[in-house]
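Just follow the structure's listing: the first ligand is 1, and inside any ligand the first atom is 1. Both backbone and side-chain heavy atoms feed into the values below; hydrogens, waters and symmetry mates do not. This one's a predicted model, so the numbers in the text were calculated from it and none came from an experiment.
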Amino acid sequence: MRTRDSEPLLQVEQLKKYFPVQAGLLRRVVNQVRAVDGVSLQIASGKTVGLVGESGCGKSTLGRTILQLQKPTAGNVFIAGREITGMPHAELKACRRDMQIIFQDPYASLSPRRTVAQIIREPLDVHHIGSPSERRRRVAELLEVVGLRPQILNRYPHEFSGGQRQRIGIARALAPRPKFIVADEPVSALDVSVQSQVLNLIAELKRDFGIAFLFISHDLAVIQHVSETVAVMYLGRLVEEASAEDIYRSPKHPYTEALLSAIPVPDPKRKSSRIILGGDVPSPAHPPSGCPFHPRCPAAMDVCSNVPPPRTDQGGPGRPHYVSCHLYSGAES
Ligand code: SF4
C-alpha cells in the first residue's frame, strides 16, 4: 500500500467511477456511464473545497467514491498520506473512522426506530471507541457542540425539525473525531431560515476541529459561505478550480459564469444578466465529443466539438486558477 507525505490531508488522483450498462439475455456490458471521469483534487486539514454543479453531473458519486462507499473504476485516494483505494476490507473499516459523511436528506438518513443517543453513538459502537461511560459522555458533548439540548437524548427523529435532524446527523458524523467529512448537499432539504444556522455550524467545526470538508452543493451562493476553494464539475469532470474569491470575482469557464449568473442579485437597482443554459446535462453514458459542454455553451467554437480542452492554469503566481476551456487553450476556432 502506497503512503504519502501527510499534507494535504486528502489527495485524489485521476479518480474514475464508471457504471456498466448491461443489455440482452446474457446481460452483456454494452456501455459505461462515466459518472466520474478522471477527477484530481486536494484538501488540506481545516479547509473546505466546495464542489458545485447541476444535478446529475457526478458530484455525489465523486463524494461516495472518495469515501470508498463505491469502488472506484480507476484512480487513487490518499487520506493523511495513506492510500485507501484497494485497501483490504478490515483495514478500510478501521480507516472509516477518519472519514464520515453528512447526508442531504435529514429525514431519510436517520433511523426512525433509534433514539438520538443511539444514532449519535452508532459510529462509536461500530469502531469500538471508548468504554460505555466514555461513549455516553461523548454523545452528551456532541449534542452541546451542535447546539442541541441534552434532554433530547431519548427522543426519536420524527420529533424534530429538519434543521435539528441535520444537527443530529452532523453530531453522528463528528462522533469518531474524523479528519475528513463529505457534506453532500447538507442544507438543500432545509428551509432557507435554518440553512444559515447549519452553514455557520459547519464553519465553526472546520475552525475548531481542523476537519477537512468536501462540501457538495448545486448552489454557488451556498458554497461561497463555507469554501476556501471551489471546484466546478460538469459531466464527471472538473472544469474550473480556484480560490473561492477568484471564482466569484473572475470566473473563467462559461459554465461557471452561467452558474454564477443564476445567483439572485439582492440590489434591485443592479441589473441581473442571467445566462440561460439550454437543455439539461447530457447523459454521462453518451458524453458529447470534444468539450462535453459544447452543445450548451454560448461561447462554443468549431474546435470545441472535436477536441477536448486541456486543463490550463490561468492564475497568477501563488494563485492557481485551473480551467478546461479552449477560450484559454490557444486553440484556433
Ligand atoms: Fe465552451 Fe468551447 Fe470552452 Fe467548452 S471549450 S466551455 S464549448 S468555449
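Residue, atom and distance of the protein heavy atom nearest to atom 4 (Fe) of ligand 1 are Cys291 SG, 2.3 Å.
Taking CZ of Arg82 as the reference point, atom CD of Glu91 lies at 5.0 Å (rounded to 0.5 Å).
For ligand 1, the atoms sitting less than 4.0 Å from at least one non-hydrogen atom of Cys304 are 2 (Fe), 5 (S), 7 (S), 8 (S), numbered in the order shown with element in parentheses. Less than 4.0 angstrom separates some heavy atom of Phe293 from each of these atoms of ligand 1: 6 (S). Ligand-side atoms of ligand 1 in range of Leu327: 8 (S), range being under 4.0 angstrom from any heavy atom. Atoms of ligand 1 found under 4.0 Å from any heavy atom of Cys297, numbered from 1 in the order shown, are 1 (Fe), 6 (S), 7 (S), 8 (S).
Among the atoms of His326, none of the N, O or S atoms falls under 2.8 Å from atom 4 (Fe) of ligand 1. Among the atoms of His253, none of the N, O or S atoms falls under 2.8 Å from atom 3 (Fe) of ligand 1.
Under 4.0 angstrom from ligand 1, the non-hydrogen atoms of Cys325 come from both its backbone and its side chain.
A donor-acceptor distance shorter than 3.5 angstrom exists from the side chain of Glu159 to the backbone of Tyr156, with no hydrogens or angles considered. No side-chain donor-acceptor contact under 3.5 Å links Arg135 to the backbone of Arg121. A donor-acceptor pair is defined here as one N or O able to donate and one able to accept, closer than 3.5 Å; such a pair exists between the side chain of Arg138 and the backbone of Ala175. Remark: side-chain polar atoms of Ser40 are paired, donor with acceptor, to backbone N or O of Gln14 under 3.5 angstrom.
For His253 and Phe293, the ring centers sit closer than 6.0 Å to each other.
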